[in-house]
S.K.: 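Have a look at the structure that comes next, please.
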Protein chains: 2
Amino acid sequence: MRNTTFNIFLSNHFKNYSTFVHTIVVDTMKIEDIIKSKVISLELKTVLNLLHTSNIVQDKTSEVLKPFDLSSEQFNVLRILRGQKGVPASLSCVQERMICKMSNTTRLVDKLIAKDMVQRSICENNRRKVDIVITQKGLDILKQLDAPMKALNDSVIENLSTQETETLNELLDKIRS
Amino acid sequence: MRNTTFNIFLSNHFKNYSTFVHTIVVDTMKIEDIIKSKVISLELKTVLNLLHTSNIVQDKTSEVLKPFDLSSEQFNVLRILRGQKGVPASLSCVQERMICKMSNTTRLVDKLIAKDMVQRSICENNRRKVDIVITQKGLDILKQLDAPMKALNDSVIENLSTQETETLNELLDKIRS
DNA sequence: AAACAACAGTTGTATATACAACGATTAAAC
DNA sequence: GTTTAATCGTTGTATATACAACTGTTGTTT
């Protein structure tokens, strides 16, 4: 009863079971139901919807990458390096392009080096920087992943028309602007 | 040159600098630029846009919660428990409603117990289950967070009209359907 | 050119998360 | 009613992440 806006958050369906003393209420509402319900404010619903949908996509991505023993951020870094077309990238350059701006790109790259997917060397023009390049092995693995990842991305928007997809992108851009 | 779809991923602007031997290319494209560029496919753009926007909202949330020493999932659990209005929730019930369906709700609740924000007891009707309830301290902290969190959620959609916000929710729902 | 500040990465430490194995309890099968 | 299977949580272990302190390099000031 303290705060209307939030007390109605996650209000439930209740199934009633009779017991010897009390009426036990068991609820069955999941995050999906909450988002689609009308009991929460539009702004909270939108935030939950955004985060939840993103998590689902993230999970699907991890699923695709699991057989390759890659985390989604490791994959992302490989993809960034491939986009460099042979031009070495510094750590900070990689970091700027990562989805999560994660605090520790060093150790992420360490993992990729251990897998022989990237190489690291000191940048001769600025010895504070390191040059990171993707190896042939890294490229080979990315190539194997191209089809399944394309399929995954397609599946994300399969229920949307092209127009709807473009609208979605515009709305997301607006959120960040 | 291997795969058209992916080789164009994260293609760059190049600034040319003349050097004694090679032309060094330095690129300045950040994730924001990539998403708004036209060099990647619509489906990849959409996925990156979704994940990136979600991460930004997540970061803003963490920022608000930091002074209270709460992670966003801990906050989420507290909010779920408040929604129970005194009815104990089992771990699995909490888990279903969490944004991240995280593998370890036990330890997350442990942290909240250590902060005296929730209480745990064995459910007498089903001794496999545990009953979790929010404490007065937990409620007090949530109350302090209500205004800033509402402000945060509002800020997320501040650049969208009501109609646009509803459209966004519909499109996100469609992605998950 | 010496001193100071800014920059690019790295490392230490604490915490969080993922995943699988485990223990206890309840439900189902026979 | 005993055995088997399913459920609910917990714990161990390995890995990932967050945050701050630190090292080495470059840029700036005087």
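Below, chain A is the first sequence line, B the second, and so on; all start at residue 1. Values in this document were obtained by computation on a predicted structure and should not be read as measured data.
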S.K.: Side chains of B/Ser72 and B/Asn76 only: does a donor on one sit below 3.5 Å from an acceptor on the other?
M.R.: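 Short answer, no.
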
S.K.: Heavy atoms of chain B, cut-off under 4.0 Å: which first and last nucleotide of DNA chain C, 5' to 3', fall inside that, if you could look?
M.R.: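 Extent of the interface on DNA chain C: C/dA16 to C/dT26.
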
S.K.: Tell me which residues in residues 126-134 of chain A put a heavy atom below 4.0 Å from DNA chain C, sorted by number, or none.
M.R.: A/Arg128, A/Lys129, A/Val130

S.K.: Could you tell me if A/Gln136 and A/Asp140 have a donor-acceptor pair between their side chains, going purely by distance under 3.5 Å?
M.R.: yes

S.K.: Is it true that A/Glu63 and A/Lys60 have a side-chain N and a carboxylate O under 4.0 angstrom from each other?
M.R.: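 A salt bridge is absent here (no side-chain N lies under 4.0 Å from a carboxylate O).
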
S.K.: For B/Ile157 and B/Glu164: C-alpha separation, side-chain torsions, deciding distance, then whether side-chain contact (heavy atoms from CB on, under 4.5 Å) applies.
M.R.: CA-CA 9 Å; B/Ile157 58 170; B/Glu164 285 175 326; over 6 Å; no

S.K.: Between the side chains of A/Glu73 and A/Ser71, does any donor sit under 3.5 Å from an acceptor?
M.R.: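 On atom types as modelled, these side chains do not qualify, holding no pair under 3.5 Å.
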
S.K.: Let me know which of A/Asp116, A/Asp110, A/Leu108 forms a side-chain contact (heavy atoms from CB on, under 4.5 Å) with A/Leu112.
M.R.: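 Only match with A/Leu112 under side-chain contact (heavy atoms from CB on, under 4.5 Å): A/Leu108.
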
S.K.: Could you tell me whether a side-chain N or O of B/Asn49 sits under 3.5 Å from a main-chain N or O of A/Leu172, the two making a donor and an acceptor?
M.R.: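 Flag not set: sc B/Asn49 to bb A/Leu172 has no pair under 3.5 Å.
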
S.K.: Under 4.0 Å between a side-chain nitrogen and a carboxylate oxygen: does that hold for A/Arg176 and A/Asp173?
M.R.: yes

S.K.: Might you work through the side-chain contact (heavy atoms from CB on, under 4.5 Å) test for A/Asn169 and B/Lys36, ending with a clear yes or no?
M.R.: CA-CA 9 Å; A/Asn169 277 290; B/Lys36 286 183 183 159; over 6 Å; no

S.K.: How many whole angstroms separate atom CG of A/Asn125 from atom C1' of D/dT25?
M.R.: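 My rounded result for the distance is 14 Å.
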
S.K.: Would you mind classifying the nucleic acid contact of B/Ser71 as base, sugar-phosphate or nothing, using non-hydrogen atoms under 4.0 angstrom?
M.R.: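 Touches nothing.
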
S.K.: Quick one: closest heavy-atom pair of B/Arg82 and B/Lys143, and the distance?
M.R.: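 Looking at all heavy atoms of both residues, the shortest contact is NH1-N, 4.2 Å.
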
S.K.: Hey, which of these two, A/Gln95 or A/Lys66, hits DNA chain C nearer its 5' end, going by closest nucleotide?
M.R.: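 Of the two residues, A/Gln95 wins.
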
S.K.: Counting only heavy atoms and a strict 4.0 angstrom limit, can you tell me which residues of residues 105-113 of chain B come near DNA chain C?
M.R.: B/Arg107, B/Lys111

